[in-house]
Undergrad: 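Structure provided below as structure tokens; questions to follow.
Sequential numbering from 1 along the given sequence is applied to the chain's residues. What you see below is based on every heavy atom in this structure, not just the backbone, and it leaves out hydrogens, waters and symmetry mates.
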Amino acid sequence: MNYKLLETVADIAYYAGQKGYYSGDSRQDMMNFIWWAKEFEEFHENTDWDSTDYILTIEEYMEKKLYLE
């Protein structure tokens, strides 16, 4: 099981909830969170999380997803 992907899904869902995000379709929102987590993990496959702030990076990513898409 890919626990890193699950952690990313949880972080994305948590951040979206903190921001009050709801598109009107909870099933679609959950599917988006899963796809966004997969995209995030693929993009950051080689990121050194010891030198890059993971939470800040998730927050920046989510700002783009929630407010620019």
Side-chain angles (χ1 to χ4, degrees):
M1 178 171 279
N2 186 342
Y3 288 102
K4 182 63 181 121
L5 181 61
L6 295 176
E7 179 183 18
T8 303
V9 170
D11 288 333
I12 285 172
Y14 180 81
Y15 186 82
Q18 279 188 318
K19 296 297 182 178
Y21 176 78
Y22 178 59
S23 72
D25 183 343
S26 63
R27 293 288 95 194
Q28 184 61 52
D29 290 345
M30 286 189 217
M31 185 57 64
N32 285 342
F33 299 160
I34 292 166
W35 283 111
W36 293 345
K38 187 174 180 331
E39 178 183 73
F40 180 88
E41 286 299 314
E42 288 172 357
F43 183 76
H44 290 286
E45 181 178 13
N46 296 313
T47 299
D48 177 5
W49 294 118
D50 290 328
S51 64
T52 303
D53 186 308
Y54 171 78
I55 296 299
L56 181 60
T57 305
I58 281 276
E59 289 174 354
E60 291 170 350
Y61 176 81
M62 286 305 295
E63 285 293 314
K64 291 175 187 170
K65 288 298 184 185
L66 296 179
Y67 301 112
L68 297 177
E69 289 197 351

Undergrad: Do the side chains of Met62 and Tyr21 get nearer than 4.5 Å, heavy atoms only?
TA: no

Undergrad: Examine Phe43 and Ile55 and state if one hydrophobic cluster contains both, with Ile, Leu, Val, Met, Phe, Trp and Tyr joined whenever side-chain heavy atoms are less than 4.5 Å apart.
TA: no

Undergrad: Could you tell me whether Lys4 atom NZ has more than 12 heavy atoms of other residues or ligands within 6.0 Å of it?
TA: yes

Undergrad: Could you grab the distance from atom NE2 of His44 to atom OH of Tyr61, nearest 0.5 Å is fine?
TA: 8.0 Å

Undergrad: Flag yes if Tyr67 and Tyr15 sit in one hydrophobic cluster, no otherwise; membership is Ile, Leu, Val, Met, Phe, Trp, Tyr, and two members link when side-chain heavy atoms are under 4.5 Å apart.
TA: yes

Undergrad: Tyr54: what forms a ring pair (Phe, Tyr, Trp, His ring centres under 6.0 Å) with it, not counting sequence neighbours?
TA: Trp49

Undergrad: Can you name the residues that form a ring pair (Phe, Tyr, Trp, His ring centres under 6.0 Å) with Phe33, not counting sequence neighbours?
TA: Trp36

Undergrad: Apply side chain to side chain contact (heavy atoms under 4.5 Å, CB included) to residues Thr57 and Thr52 and explain how you reach the verdict.
TA: CA-CA 8 Å; Thr57 305; Thr52 303; 3.5 Å; yes

Undergrad: Could you walk me through whether Thr8 and Ile12 pass the side chain to side chain contact (heavy atoms under 4.5 Å, CB included) test, one step at a time?
TA: CA-CA 6 Å; Thr8 303; Ile12 285 172; 3.9 Å; yes

Undergrad: For a quick test of reading the model, state the closest non-hydrogen atom pair linking Asn2 to Leu5 and the distance between them.
TA: OD1-N, 3.0 Å

Undergrad: How would you list, by chain and number, every residue that makes a salt bridge (Lys or Arg N to Asp or Glu O under 4.0 Å) with Glu45, sequence neighbours excluded?
TA: none

Undergrad: Against Lys65, only a single residue in Glu60, Glu39, Glu59 fulfils salt bridge (charged side-chain N to carboxylate O under 4.0 Å, His left out); can you say which?
TA: Glu39

Undergrad: Between Asp11 and Phe40, is there a side-chain heavy-atom distance shorter than 4.5 Å?
TA: no

Undergrad: What are the two closest non-hydrogen atoms of Gly24 and Asp29, and how far apart are they?
TA: N-OD2, 4.4 Å

Undergrad: Just do the side chain to side chain contact (heavy atoms under 4.5 Å, CB included) check on Tyr14 and Ile58 with the steps written out, would you?
TA: CA-CA 11 Å; Tyr14 180 81; Ile58 281 276; over 6 Å; no

